[in-house]
Amino acid sequence: GGLQLDYYKTSQFTNNEFNYELNATYKKVFGDFSFDALVGGNLRNEKRESIYAQTAGGLSFRNYFNIDASLARPTFVNPSYPYYSKEVRSAFGKASFGYKGFAYLDVTARNDWSSVFAPGLNSYFYPSVSGTIIASEFFPQSLKDVVSFAKIRASYAQVGSDIDPYRVNLQYNTGFGYGSNASLNIGDELRDGQIKPALTGSFEVGADLKFLADRIGLDFSYYQNNNKNQILSVTLNGATGYGSNLINAGQLTNRGIEFALTGTPVKSKNVTWDLNLNFSKSKTIVDKITDTQQNVIYQNSTFFTNSLNLKEGEEWGYVTGRKFNRDANGNMIILANGRPAFTTNQFIGYARPDYTGGAFSSLRVMNFDLGFSLDFQKGGLFNSTTRAFNMGSGLSTETVGLNDKGIDWRLPVAQGGGYKFPGVLADGTPNNKYIEASIAFYNGMQNGAGEMFMIDASYLKLREVRLGYNIPSQFLATKAG
């Protein structure tokens, strides 16, 4: 141990965002036609500043808490964003056309100029067009008795996006001083200053239908998003002096469906029961990364080498990691030391779910109201470091049990304990070797195969239960009188 020196540290964070906007609107009706228009501009300034300083070597005077009281040179630590300044200038417009209250057409256009990018590359334009028609206006009354309302819609839009400032050019980081000399180091990411804005094109069609005097409703949509010029940090060979390279690359296609089904099975003066069910399913495919790279590691797990990847031709969220080796019959292959064999960089699954949804029910009886809501998800994976650490340290319940001899496997092998991995040796004979439980769970599992710690993300949640009572207005009026 040692004596803790007196010290003083201070930190300050300042975030500011200012928006200046000017709009002009115009509205006019021409017989059966209506026209609305808007033009405008916006100027957005964002600025963040932060500083962290701490004394070193103690204080020059007891209880004098000030950076100036530092006996040695104070320590100044750079936060993630010691300084952040960004300006985006925008010009936009919108025109809406309507006909007899059942047909509508909207057109928008916007152009942004972001200070993040180099001059000549900092402008990005993105338009949109959408149309809606209320088809039920043309239905005969006999059909309206069944389909009481029908609206069909379609749209196409583009959206541009930038990144945080100072990500485009080569980064120089301030380091700790060497005596009286300042220090700088070059960042680990290669940047050429020629990054362009990312663009996403989105197409959607859908319908809003109501049946039987609006007692049943269905809202359905299909969409496709095409992403290009994605701003990606791709890995580089360490011999280049950099670990990654920031580039415009990647083409991703996202397709999906969404629908919401509503219904009122019971509707009377004193009782009303409303139901709602929603469902969505989407898939994003990585069409291309670059001409020379077919896989990008999006994120690595802190432990056991699992990684989230963008792999060309595969769904977004391609998870790889260590997996146990198995024979043709699915038996785990055990090494001579009693621990299972594994292979690195193997496909484990996809991080994104197959589908998601929810349900809601509301029952009103007189003045009482009972409601509940559910959420559900099928598929997907998440990385559980908690399970890994609990297993490796013997804290989880799954590390407690009896071996096939009926003896606590946490006891030493010499006393009949020990853990035996189910599986076969390389020659196909059954594994009969017992090893200490600490080795089995720490070396064989926690540090063995990361597939054990990719957890199925499926769930069914009771989100809310609500019981209410509406006090009659007549009662309140009587009391107030």
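Computed from heavy atoms alone, side chains included, the values below leave out hydrogens, waters and symmetry copies.
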task = Determine, stepwise, if the pair Y469 / F368 fulfils ring pair (Phe, Tyr, Trp, His ring centres under 6.0 Å).
result = CA-CA 5 Å; Y469 179 78; F368 290 93; 4.8 Å; yes
Quiz item: Does the side-chain hydrogen bond (donor to acceptor under 3.5 Å, both in side chains) test come out yes or no for N111 and S123, once each step is laid out?
Solution: CA-CA 7 Å; N111 201 98; S123 174; 3.0 Å; yes
Side chain to side chain contact (heavy atoms under 4.5 Å, CB included) assessment of K323 paired with I348: CA-CA 8 Å; K323 292 183 69 174; I348 295 176; 4.0 Å; yes
Fill in: M445 vs F421, side chain to side chain contact (heavy atoms under 4.5 Å, CB included): CA-CA, chis, key distance, verdict
CA-CA 10 Å; M445 298 185 192; F421 280 98; 3.5 Å; yes
Next item on the list: Quick one: do V168 and F117 satisfy side chain to side chain contact (heavy atoms under 4.5 Å, CB included)? Show the steps, please.
Entry: CA-CA 7 Å; V168 172; F117 303 106; 4.2 Å; yes
*asked:* Applying salt bridge (charged side-chain N to carboxylate O under 4.0 Å, His left out) to R191 and E189, what does each step give before you reach the verdict?
replied: CA-CA 6 Å; R191 306 168 182 172; E189 187 173 64; 2.8 Å; yes
* Asked: Please walk me through it: do F30 and F35 pass ring pair (Phe, Tyr, Trp, His ring centres under 6.0 Å)?
  -> CA-CA 8 Å; F30 305 92; F35 175 71; 7.3 Å; no
*Begin with the C-alpha distance, continue with both residues' side-chain angles, and end with the deciding distance and a verdict on side chain to side chain contact (heavy atoms under 4.5 Å, CB included) for L261 and I216.*
CA-CA 8 Å; L261 180 64; I216 301 175; 4.3 Å; yes
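The side-chain heavy atoms of E451 and Q346, taken from C-beta on, include no pair separated by under 4.5 Å. Put simply, the side chain of V159 does not reach to within 4.5 Å of the side chain of S161, judged on heavy atoms. By the 4.5 Å heavy-atom criterion applied to side chains, R110 and S128 are not counted as neighbours. The closest side-chain heavy-atom distance from L232 to Y298 is not below 4.5 Å. At a threshold of 4.5 Å between non-hydrogen side-chain atoms, the residues Y83 and K47 count as touching. Two residues are said to be in side-chain contact when any heavy atoms from C-beta on lie closer than 4.5 Å; R352 and S282 meet this criterion. Under the 4.5 Å side-chain criterion, counting only non-hydrogen atoms from C-beta, Y126 is in contact with D112. Side-chain contact between F13 and R48: absent, with no pair of heavy atoms (C-beta onward) separated by less than 4.5 Å.
Judged purely by atom type and a 3.5 angstrom limit, Q230 uses its side chain to pair as donor or acceptor with the backbone of K228. Between the side chain of D188 and the main chain of G243, a donor-acceptor pair closer than 3.5 Å is present. No donor-acceptor pair under 3.5 Å is formed between the side chain of S11 and the backbone N or O of Y52. The closest donor-acceptor contact from the side chain of D369 to the backbone of G468 lies at 3.5 Å or more, if one exists at all. Side chain of N248 to main chain of K196: a donor-acceptor pair is present (N/O by atom type, distance under 3.5 Å, no hydrogens or angles). At least one donor-acceptor pair under 3.5 Å links the side chain of N278 to the backbone N or O of G358. The backbone N or O of Q194 sits less than 3.5 Å from a side-chain atom of D192, completing a donor-acceptor pair. The backbone N or O of N169 sits nowhere less than 3.5 Å from a side-chain atom of R167 that would complete a donor-acceptor pair. Under a 3.5 Å cut-off, the side chain of S268 and the backbone N or O of V271 do form a donor-acceptor pair. Between the E315 side chain and the K283 main chain, no donor and acceptor come within less than 3.5 Å of each other.
Residues F125 and L199 share a closest heavy-atom pair of O-CD2, 4.5 Å. Taking all atoms of both residues into account, the shortest heavy-atom contact from N245 to L190 is OD1-O, 2.8 Å. Shown here for N229 and P197, the closest heavy-atom pair between the two residues is CB-O, 3.8 Å. Across Y223 and K281, no two heavy atoms sit closer than the pair OH-O, 4.3 Å. Of all the heavy atoms in G193 and A118, the pair that sits closest is O-CB, 3.6 Å. What you find for S85 and P165 is that their closest heavy atoms are O-CB, 3.5 Å.
The structure places NZ of K378 at 13.0 Å from OG1 of T356, a figure rounded to the nearest 0.5 Å. To the nearest 0.5 Å, the span separating OG on S307 from OH on Y318 amounts to 10.0 Å. Taken from CD in E137 to NZ in K144, the straight-line distance is 5.5 Å, to the nearest 0.5 Å. Summarising the geometry, atom OG belonging to S114 is positioned 11.5 Å from atom CG belonging to L121; distances are rounded to the nearest 0.5 Å. To the nearest 0.5 angstrom, T264 atom OG1 is 8.0 Å from L275 atom CG. Atom-to-atom distance recorded for F347:CZ and K311:NZ is 10.0 Å, nearest 0.5 angstrom.
Aromatic rings from Y99 and F33 are positioned such that their centres are separated by under 6.0 Å.
Ion pairing between D106 and R153 fails under the 4.0 Å rule for side-chain N and carboxylate O.
Counting heavy atoms of neighbouring residues, nucleotides and ligands inside a 6.0 Å radius, atom CH2 of W273 does not exceed 12 of them.
In summary, the side chains of D214 and S148 do present a donor paired with an acceptor at a separation below 3.5 Å, with no hydrogens or angles considered. A donor and an acceptor atom, one from each side chain of E17 and N15, are nowhere located under 3.5 Å apart. Side-chain polar atoms of N227 and T200 form a donor-acceptor pair below 3.5 angstrom. Counted by atom type alone, S362 and D274 present zero donor-acceptor pairs between their side chains at under 3.5 Å.
In this structure K288 satisfies the side chain to side chain donor-acceptor pair (under 3.5 Å) test together with D291, sequence neighbours excluded. Residues that satisfy the side chain to side chain donor-acceptor pair (under 3.5 Å) test with Q141, not counting sequence neighbours, are D145. The salt bridge (Lys or Arg N to Asp or Glu O under 4.0 Å) test applied to R463 returns D375, not counting sequence neighbours.
None of T284, I289, D287 except one satisfies the side-chain contact (heavy atoms from CB on, under 4.5 Å) rule with L252; the exception is T284. Checked against N295 for a side chain to side chain donor-acceptor pair (under 3.5 Å), the options N345, T320, N309 give a single hit: N309.
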